[in-house]
Amino acid sequence: MSKPPVLNRKLVLEAPERLADGAGGYTTQWAELGQLWAEVKAGSGRETADGLLTVSSVPYKITVRAAPPDAQSRPRAEQRFREGPRTYLILAVAERDVQGRYLTCFAREEVSA
């Protein structure tokens, strides 16, 4: 049996909303869905160059308490967590344990330099 996660960081769960920009396109804004306590563990990072911009990318495993599949508080791919100025884009979500008590969110933090 695995050790329970230490949920010691408060993250804000956000979902993208597309808003018309008045010129035939759209902009994306983030709507707050709620706050969740989480365990955040960083993986090994990498850095890539895109033209004149350097982008650092670090994968994260973020564990939160499980919620029913249709609950607004259940994280989904393409949503994100925010912690102050830091944001973690959720790439995938899986149950962490057989009992379904926790979810592991595979996420990526990107910072432009």
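Given the structure is predicted, the values throughout are model-derived calculations rather than measurements. Counting begins at 1 with the first residue of the sequence.
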TODO: Assess whether atom CZ of Arg65 is packed by more than 12 heavy atoms of other residues, nucleotides or ligands within 6.0 Å.
DONE: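 12 or below, so no.
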- [ ] Report, as yes or no, whether the 6.0 Å neighbourhood of atom CD on Gln35 holds more than 12 heavy atoms from other residues, nucleotides or ligands.
- [x]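 Above 12, so yes.
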Might you point out which heavy atoms bring [X] and [Y] nearest each other, and give the distance in Å?
X     : Y      : result
Leu13 : Ser73  : CD2-O, 3.9 Å
Ala38 : Val64  : CB-CG1, 3.7 Å
Glu14 : Glu32  : CG-CA, 4.2 Å
Ala66 : Gly100 : CB-O, 3.0 Å

Open item on the list: Taking the side chain as everything from C-beta on, heavy atoms only, tell me whether Ile90 gets closer than 4.5 Å to Ile62.
Closed with: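 They are not in contact (no side-chain heavy atoms under 4.5 Å apart), so the answer is no.
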TODO: Flag the pair Arg96 / Leu103 as yes when at least one side-chain heavy-atom distance between them is below 4.5 Å, and no otherwise.
DONE: no
Task: Hphob cluster co-occupancy, Leu89 + Leu11, side-chain heavy atoms under 4.5 angstrom - done: no
Task: ILVMFWY network linking Val93 to Leu33, side-chain heavy atoms under 4.5 angstrom - done: yes
Task: Candidate list Arg108, Glu83, Glu109, test side-chain hydrogen bond (donor to acceptor under 3.5 Å, both in side chains), partner Tyr88, passing option - done: Glu83
Task: Geometric cation-pi criterion, Arg80 with Trp30: 6.0 Å, 45° - done: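 Yes; both conditions hold, so Arg80 lies above the ring face of Trp30.
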Open item on the list: Using only atom types and a distance under 3.5 Å, with no angle test, would you say the side chain of Arg76 pairs donor to acceptor with the backbone of Arg74?
Closed with: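 Such a contact is found between Arg76 side chain and Arg74 backbone.
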Open item on the list: Can you tell me how far apart CG (Asp97) and OH (Tyr102) are? Round to the nearest 0.5 Å.
Closed with: 7.5 Å
- [ ] State the OH-CG distance between Tyr26 and Leu19, to the nearest 0.5 angstrom.
- [x] 11.0 Å
Task: Positive for side chain to side chain contact (heavy atoms under 4.5 Å, CB included) with Phe81, one of Val12, Val40, Leu36 - done: Leu36
